[in-house]
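Below, chains carry the letters A, B, ... as their sequence lines are ordered, and counting in each starts from 1.
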Amino acid sequence: MSEPLVLELQVKPLDFLAAGETATHFKETLKSLGLPPDICRKAAIVVYEAEMNIVIHGGGGVMCLQVEEDKVTIIAKDKGPGIEDLELAMKEGYSSAPDFIRELGFGAGMGLPNIKKNSDELYIDTAPGKGTKLRAVIYLDKRR
Amino acid sequence: MMKISEIEALLGARRLFDTAALEKEVEYALASDLMSDVLAFALAASLLITGLTNIQIIRTATMLDMTGIIFVRNKRPLEEAVALARKLDIPVLLCKKSMFETCGLLYQAGLKSCTILDEESD
Ligand SMILES: Nc1ncnc2c1ncn2[C@@H]1O[C@H](COP(=O)(O)OP(=O)(O)OP(=O)(O)O)[C@@H](O)[C@H]1O
Ligand SMILES: [Mg+2]
């Protein structure tokens, strides 16, 4: 695997039937590449949480998966409302999700902290009115 | 450790469809109607017990490599959820008991809880 593998998929806003398709597809791809199950699982959690955030909060966007020899990188981009107070958004329990999202079983403010927990590096670039770009890196060799 | 098919018998539950995966074993379980929490706390190869019925329940359980799903309170998963469960081949049980009773019986039978928080921390 010398050339990095790159996948990119569009994510529609507020489409709760399709939400998670990207994560399922990316996870199948990682499994078919023969990556270790714990890496596939961590990446799947990160992709799914980021995808749900694009669906619920971001007004739709793009998810990108990059697989290199030593790491998996997940990028989630949207041109939605952005996050005003990122420090607050990173706290467990903070959520701006409306009630109908809670009825689906989401909107408990666990997603961003869970993305952090399951990735080795996390960068979030966001500004009100400009959108949000999240980049998470998972190293295949954790001893790095 | 219990097979999903043994859990089916213990609870008097009904399988949604036949699959060889009903013979897989689980040691841990997590009961919740909050997928946000399931995503944060479920262990791989554990069992999900829930009363929510939408397609994201199947997405959540499979994303986490969970072994099976029990729908309690006589809830039936929505059609698209059923179709996805079949496609991804994750065993599903339908149970008429409450979540409390389901958990009680499984706990009594020796299943363990996915740790939510360290007992020491507060
Ligand atoms: N892509 C995004 N665009 C705009 N706001 C976002 C985005 N992602 C997250 N946020 C903001 O950050 C908050 C916290 O996000 P987080 O994923 O932790 O929780 P949640 O999505 O509200 O609930 P959960 O993830 O538990 O379903 C959100 O409620 C929202 O206000
Ligand atoms: Mg979220």
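For the pair A:T126 and A:L134, the minimum side-chain heavy-atom distance is 4.5 Å or more. With a 4.5 Å cut-off on side-chain heavy atoms, B:T50 and B:S32 do not count as touching. In this structure, A:N118 and A:I138 have side chains that are not in contact, with every pair of non-hydrogen atoms separated by 4.5 Å or more.
Of the listed residues (A:A19, A:A23, A:A108), the one with the most heavy-atom contacts under 4.5 Å to chain B is A:A19. If you tally non-hydrogen atom pairs under 4.5 Å between each of B:D37, B:L39, B:L52, B:D33 and chain A, the highest count goes to B:L39. Counting heavy-atom pairs under 4.5 Å between each of A:K42, A:E21, A:E92 and chain B puts A:E21 at the top. Chain A forms the most heavy-atom pairs under 4.5 Å with one residue out of B:T53, B:T60, B:T62, B:L84, and that residue is B:T60.
We find that B:D89 and B:R86 are not joined by a salt bridge, their nearest charged nitrogen and carboxylate oxygen being 4.0 Å or further apart.
For B:I58, no part lies near chain A; criterion is any non-hydrogen pair under 4.5 Å. Heavy atoms closer than 4.5 Å to chain B are found in the side chain of A:Y48, but not in its backbone. For A:P113, no part sits under 4.5 Å from any heavy atom of chain B, backbone or side chain. With a 4.5 angstrom heavy-atom cutoff, B:I55 touches chain A only via side-chain atoms. In this structure, chain A has heavy atoms under 4.5 Å from both the backbone and the side chain of B:Q56.
Shown here is A:E84, whose CD atom has no more than 12 heavy atoms of other residues, nucleotides or ligands within 6.0 Å.
Of the candidates B:L47, B:T19, B:I90, B:L47 is the only one forming a side-chain contact (heavy atoms from CB on, under 4.5 Å) with B:I4.
B:E25 contributes no side-chain N or O that, together with a main-chain N or O of B:M2, makes up a donor-acceptor pair within less than 3.5 Å.
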